[in-house]
Amino acid sequence: MTELLQPKPVGAPGGTATRPGQRPAPADAPRLTDDRLREVVERARDHLLGLQEPAGWWKGDLETNVTMDAEDLLLRQFLGIRTEEQTAATGRWIRSQQLADGAWPTFYGGPGDLSTTIEAYIGLRLAGDTPDAPHMTAAAAFVRAAGGIERSRVFTRFWLALFGLWPWHDLPAVPPELVLLPKWMPANVYDFACWARQTIVPLAVIRALRPVRDLGVDIDELRSGLKPLPAPRLRSRRGLLHRGDRLAAAYERFPLEPVRMNALRRCAEWIVARQEADGGWGGIQPPWVYSLMALHLLGYPMDHPVMKAGLDGLDGFTLHRDGPDGPVRLLEACQSPVWDTALAVVALSETGLPADDPAMTRAGQWLLGEEIRVKGDWAVRRPATPAGGWAFEFANDIYPDTDDTAEVMMALRRTAVPAQPAVLRATRWMLGMQSRDGGWAAFDADNTSEFLADLPFCDFGAVIDPPSADVTAHVVEALAHEGFSRTPAVRRGVGWLLAHQEPDGSWFGRWGANHVYGTGAVVPALAAAGVPASHPALQRAAQWLLTHQNSDGGWGEDLRSYREPEWIGRGASTASQTAWALLALHAVGLGDGPAANRGLAWLAATQQADGGWDEPYFTGTGFPRDFYINYGLYRLVFPVTALGRILTARTGAAAAAETAP
């Protein structure tokens, strides 16, 4: 049995722990010489070049938490296709991620999470672990102390209901008739964020059909006996929606059969129409697994092309590694080749790699081949906007996003590949995707129906896609580089960013951890758009970064900052977060100041022999407060970008000084 892992310390590796309320004054570090900085940059650049695939793309592994792996086993159990080999390898991975207190976290170094622990426990029961094994009794004790399955999130209880471990009638209603609602009616499927709507539609099918399959094990030891929580007070919005849910649940028992059958048929059509070329749905795990189960329940046989493509596609999202007890198997929740490739091109360009270098040319050509020229769900809100742009994944044509599109635009302009027509199409698309308030969201425009979060079945993850500071910043920066700084759209975007600065001078990070990410994205964007470094907003942002530097010289922010304000800007130093801070400081003219020099020294000191950096901490965000990501290339592409940019500025300044009269 693999020994349980100890909870990871929240502190600077090899240095003083960095905890809320404890921030020693940073010590001065010697200024790295240009030769030393160049050595660090070249080693990192060569390592990054060595990771490029022959076709031109880069992709780092994308790690999340063990619910992906447990749910993969449950999916296969539900469909009757789970194998002992898959189960054993997955079990070894789940086991290896358990904390000393018996729980499983949602991110490296984080505390145990109730629902994650429940799902991991069930996965291990499928792998043959017995309830009386020490690691299982520890897990069960954690679950009961945290409230048992009675206090787990809705999605966990949906999984339990699939196997008769929770009553269907005790779950929130998700009527499939939602798919019949017109687009102007509140709570229609397009009011939800793209990731939420893709999950809700198949989940509605499953909820309506209420299947029960055999799990082969029981989990009574995870029950606490707690009574249901009282209903929210009637006069609140949440209370009204709760009563509405009970009415919908009553309808579920006696639906209008012609309407219900039409809704189920429309759901099936909706799901099948959104299957991507790789067999998946949206390029992410939740709609993928729910869509397979929904179609299976609607009569699609396992050898149907849609089902076969979906199951085969999951194999491409599966990682296989060697573990101390044998091979392990884990599932990526998503894949990021377009994002990683664009970031890598920008990083290599900052090191001085020529635009016509073969690596840059291959990457540019591959990115051009990934351009999306068809309309997707975004066109529901923007029907007159022409198609263009890029998605995050290998295959996700229905859901391009403005964040990837902006980064690809900035990457393509650094290659010698003729890309102007594609960039113009992307520019036109991004301008059309600006929300009414001047900001940009990732996948949709004006997707801001906040009341949806109060629906009883929406207790996990963001369910809408409003504008965010990091996405708006990347779009503003990309458009500024294309010469649009003085256009009304960009000026409105700049205004949105200035209006959404936090009182402490930082910006919230929606898709990265957290205020360090938001600030590291916004400051360079505002500078690119022509906001002077002397502007009070940029000065306040720089001061926030200076006061949140760790004693070891790096920057870090623990993901608990999404829930606990005392963690904002505080956490173990990481390579990616240090790079974000350095990029912001450089943008306001502080890239050669004492704080930046300490950050550069930290990156130089922690660089590994292969030229990269170790970064077990998660610095990516899927859903704030709920779901986090460790991007395998963040620890490399962002330090290369920051180090290269600062080195170029240094050498340029030195050359200018030598030629000055």
Side-chain angles (χ1 to χ4, degrees), residues 32 37 40-41 44-45 48 339 342-352 403 406-407 410-411 414 469-478 480-481 497 501 505-507 509 511-529 531 533 535 537-546 548-550 553-557 569 573-604 613 615 619-620 631 633-650 652:
L32 286 184
L37 184 55
V40 174
V41 169
R45 178 203 62 199
L48 181 56
W339 181 245
L343 292 173
V345 168
V346 171
L348 292 170
S349 175
E350 295 290 356
T351 71
D403 212 11
E407 199 64 40
M410 289 189 281
R414 295 164 180 264
D470 43 319
V471 173
T472 299
H474 291 151
V475 174
V476 164
E477 185 176 8
H481 286 311
L497 290 170
Q501 187 175 28
S506 67
W507 276 272
W511 296 98
N514 171 355
H515 293 256
V516 176
Y517 181 71
T519 306
V522 172
V523 172
L526 291 177
V531 177
H535 191 285
L538 296 188
Q539 289 297 303
R540 289 170 56 228
Q543 186 59 40
W544 184 85
L545 289 168
L546 294 176
H548 286 81
Q549 187 174 24
N550 283 337
W555 278 266
E557 183 169 358
S573 295
T574 68
S576 59
Q577 291 168 316
T578 298
W580 298 336
L582 288 172
L583 289 168
L585 292 177
H586 171 77
V588 295
L590 298 177
D592 202 20
N597 285 323
R598 288 193 294 273
L600 294 171
W602 184 85
L603 285 172
W613 284 265
E615 188 167 285
T619 63
Y631 288 95
L633 279 186
Y634 272 21
R635 67 200 66 177
L636 183 58
V637 291
F638 286 113
V640 170
T641 302
L643 292 164
R645 190 170 296 178
I646 290 174
L647 176 61
T648 299
R650 273 193 189 185

* Is a side-chain donor or acceptor of Glu477 paired with a backbone partner of Pro524 at a separation under 3.5 angstrom? -> no
* **Main-chain N/O of Val345 paired to Ser349 side chain as donor or acceptor, under 3.5 Å** => no
* Does the Gln501 side chain pair with the main chain of Ala537, one donor and one acceptor, at a distance under 3.5 Å? -> yes
* Within the side chain of Arg45, is there an N or O that forms a donor-acceptor pair under 3.5 Å with the backbone of Thr351? -> no
* To do: Report the C-alpha separation of Leu526 and Leu538 in whole Å, then their side-chain angles, then the decisive distance to 0.1 Å, and conclude whether the side-chain contact (heavy atoms from CB on, under 4.5 Å) test is met.
  => CA-CA 8 Å; Leu526 291 177; Leu538 296 188; 3.7 Å; yes
* **Pair Val640-Glu350, side-chain contact (heavy atoms from CB on, under 4.5 Å): steps then yes or no** => CA-CA 8 Å; Val640 170; Glu350 295 290 356; 6.0 Å; no
* Grab the two heavy atoms, one from Gly591 and one from Ala596, that are nearest each other, plus how far apart they are. => O-CB, 3.4 Å
* State, yes or no, whether a side-chain contact exists between Leu582 and Trp555 at a heavy-atom distance under 4.5 Å. => yes
* Heavy-atom closest contact (Pro639 atom, Ala579 atom, distance) -> N-CB, 3.5 Å
* Identified salt bridge (Lys or Arg N to Asp or Glu O under 4.0 Å) partner of Asp592 from the options Arg645, Arg598, Arg650 -> Arg650
* **Least distance between heavy atoms, Trp507 atom then Leu497 atom** => NE1-O, 2.8 Å
* Euclidean distance, Thr519 OG1 relative to Asn514 CG, rounded to 0.5 Å -> 9.0 Å
* Asked: Rounded to the nearest 0.5 Å, what separation is found between the CG atom of Leu583 and the OG1 atom of Thr641?
  -> 6.5 Å
* To do: Taking all non-hydrogen atoms of both residues into account, name the closest pair between Ala542 and Leu590 and its distance.
  => CB-CD1, 4.1 Å
* At what distance, to the nearest 0.5 angstrom, does CG of Leu647 lie from CG of Leu37? -> 4.5 Å
* CG on Leu603 to CG on Leu643, rounded to 0.5 Å -> 5.0 Å
* Judged by atom type as modelled, is there a donor-acceptor pair below 3.5 Å linking the side chain of Glu615 to the main-chain atoms of Ala575? -> yes
* Quick one: pull up CH2 in Trp602 and OG1 in Thr574 and give me the separation to the nearest 0.5 Å. => 6.0 Å
* To do: Please work out whether the ring planes of Tyr634 and Trp580 are parallel, tilted or perpendicular, with thresholds of 30° and 60°.
  => perpendicular
* Would you call the rings of Tyr517 and His474 parallel, tilted or perpendicular, where under 30° means parallel and over 60° means perpendicular? -> perpendicular
* Asked: Okay, side chain of Asp470, backbone of Trp511: is any donor-acceptor separation there less than 3.5 Å?
  -> yes
* To do: Look only at the side chain of Gln577 and the backbone of Ala513, and say whether a donor-acceptor pair between them is shorter than 3.5 Å.
  => yes
* Report the C-alpha distance between Val516 and Trp544 in whole Å, list the side-chain angles of each, state the deciding distance to 0.1 Å, and finish with yes or no for side-chain contact (heavy atoms from CB on, under 4.5 Å). => CA-CA 9 Å; Val516 176; Trp544 184 85; 3.9 Å; yes
* Asked: Looking at side-chain heavy atoms only, is the closest gap between Val522 and Thr472 below 4.5 Å?
  -> no
* Asked: Can you check whether Arg635's main-chain N or O pairs, donor with acceptor, with Ser576's side chain at less than 3.5 Å?
  -> no
* Shortest non-hydrogen separation from Ala604 to Val40 and the atoms involved -> CB-CG2, 3.8 Å
* To do: Please name the pair of heavy atoms, one in Arg540 and one in Gly505, separated by the smallest distance, quoted to 0.1 Å.
  => NH2-N, 3.7 Å
* Audit row: Trp339, Leu633, side-chain contact (heavy atoms from CB on, under 4.5 Å) steps and yes/no -> CA-CA 10 Å; Trp339 181 245; Leu633 279 186; over 6 Å; no
